[in-house]
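Heads up: the structure comes next, in structure tokens.
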Amino acid sequence: VLGNQGLGHALRLRWLAVIVWIGAAAFTAFFASKLLLAELREVVNNRSTISVTAKLLSAPVKDLGSSAFGERFRANIEILKPTTMAGTTGTLSGDEKLAQLSSGDVVSGSMSFRPAFGFASDFTASLKYLKSVTKGEPDPIQGMRTSFLASLRGVSTDSAALVAGLAIGDNSQLSAQTKEDFRKVSLTHLSAVSGANCAIVLAGVAFLLNLLPIARPFRILVSFVAIGFYLSLVGQEPSVLRASAMVGVVLLGFLIGRRVSPLDAIALSVIGLLLWQPELSLSYGFALSALATIGLVVLAPKLVEVFEKRM
């Protein structure tokens, strides 16, 4: 009976995740834009170009969609002025002038706005004219990221750049030819941070903590801090958010003495993330990450059985 009750609870939880996903997608598609500040909503809907003062929340990275018009870069920004739009965040794209900026810099200039199609963004903007730049306080996390990239060594420039892609998902230093080669053989995922990176980090932390005579709750707390720090270092990519949330669910289970099945961990992480960021429901990266994880959990054991019988 208890087994049947547990199965029923698990099924309800998984169906709840599906319902939350559908609800989040409907909310994002039809209602989220109506919650934007009135002036920002008007600017975005009209695709207007206005004078803006904004702070860079991340270092500019090369846009994979660079075209014949030249290399393009993008960064996350927070609007400071006009005050009627202050506090809103989005993505800013630009040319090499944007590439020369750093996280924390405050920029003033003309920007063209349009609706955001990614998650955790109120808008997407393009830098048309850069009027002034005020250097901001250095970001400690960004400083570590920059130091790591500067210290890379390898048998070639691309091999060193690949280490950055494998470790922190930064492929900005890979040559265009290498990126194209990776695309042709479907290995572009090697230079992107995913849940596997989170698993490696957590495994390393757990191995070191197990060598120390410390209480279990403290080990779990340190694991939370390690995953949070790694998330800050690599950025809030959908796959990393999903993996981090799953890790958090499993660690909470350990803390209260309950084992959480992989499918339940996926369901709980999806529910929590979509309630926090409904825009993730329309992110292809988030959907593929969740579905791939479900596929591994559900199909991998069955495939192993099939191959064991035939081999």
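Since this is a predicted model, take the numbers as computed values, not measurements.
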Would you indicate whether the side-chain heavy atoms of [Y] and [X] approach each other to under 4.5 Å?
| X | Y | result |
| --- | --- | --- |
| Tyr129 | Met111 | no |
| Thr124 | Ser93 | no |
| Asp181 | Gln177 | yes |
| Pro82 | Glu39 | yes |
| Phe286 | Leu291 | no |
| Asp95 | Phe73 | no |
| Leu202 | Ser223 | yes |
| Ile77 | Thr91 | no |

Are there more than 12 heavy atoms of other residues, nucleotides or ligands under 6.0 Å from atom [atom1] of [X]?
| X | atom1 | answer |
| --- | --- | --- |
| Phe27 | CZ | yes |
| Glu180 | CD | yes |
| Lys135 | NZ | yes |

Non-hydrogen atoms of [X] and [Y] that approach each other most closely:
| X | Y | result |
| --- | --- | --- |
| Ala29 | Leu282 | N-CD1, 4.4 Å |
| Gly94 | Leu127 | CA-CB, 4.5 Å |
| Pro238 | Ser283 | CG-OG, 3.5 Å |
| Leu98 | Ala75 | CD2-N, 4.4 Å |

To the nearest 0.5 Å, how far apart are [atom1] in [X] and [atom2] in [Y]?
| X | Y | atom1 | atom2 | value |
| --- | --- | --- | --- | --- |
| Leu56 | Leu92 | CG | CG | 7.0 Å |
| Leu252 | Leu268 | CG | CG | 9.5 Å |
| Glu96 | Leu101 | CD | CG | 11.0 Å |

Polar side-chain atom of [X] near backbone of [Y] as donor-acceptor pair, under 3.5 Å:
| X | Y | value |
| --- | --- | --- |
| Asn210 | Phe207 | no |
| Trp21 | Leu274 | no |
| Asn76 | Ser58 | no |
| Asp122 | Thr89 | yes |
| Arg219 | Ile214 | yes |

query: Passes side chain to side chain contact (heavy atoms under 4.5 Å, CB included), Phe123 versus Ile79? Steps please.
result: CA-CA 11 Å; Phe123 59 84; Ile79 293 181; 3.7 Å; yes
If Ile, Leu, Val, Met, Phe, Trp and Tyr residues are connected whenever their side-chain heavy atoms lie under 4.5 Å apart, and connections chain through other members, are [X] and [Y] in the same group?
| X | Y | result |
| --- | --- | --- |
| Leu241 | Leu233 | yes |
| Val270 | Val18 | no |
| Val249 | Trp276 | yes |
| Leu130 | Ile50 | yes |
| Ile200 | Val222 | no |

Are [X] and [Y] linked by a side-chain donor-acceptor pair shorter than 3.5 Å?
| X | Y | result |
| --- | --- | --- |
| Thr53 | Ser108 | yes |
| Arg242 | Ser269 | no |
| Asp264 | Ser261 | yes |

message: I'd like to know whether Leu251 forms a side chain to side chain contact (heavy atoms under 4.5 Å, CB included) with Phe224, so could you lay out the CA-CA distance, the side-chain angles of the two residues, the decisive distance to 0.1 Å, and finally the verdict.
response: CA-CA 8 Å; Leu251 290 176; Phe224 269 117; 3.7 Å; yes
field: With Ser244, the side-chain contact (heavy atoms from CB on, under 4.5 Å) member among Ile227, Leu273, Val201, Val234
entry: Ile227
- request: Begin with the C-alpha distance, continue with both residues' side-chain angles, and end with the deciding distance and a verdict on side chain to side chain contact (heavy atoms under 4.5 Å, CB included) for Val44 and Arg114.
  value: CA-CA 5 Å; Val44 167; Arg114 61 185 184 278; 5.7 Å; no
Derivation and outcome, side chain to side chain contact (heavy atoms under 4.5 Å, CB included), residues Leu57 and Ser103: CA-CA 5 Å; Leu57 301 179; Ser103 177; 5.8 Å; no
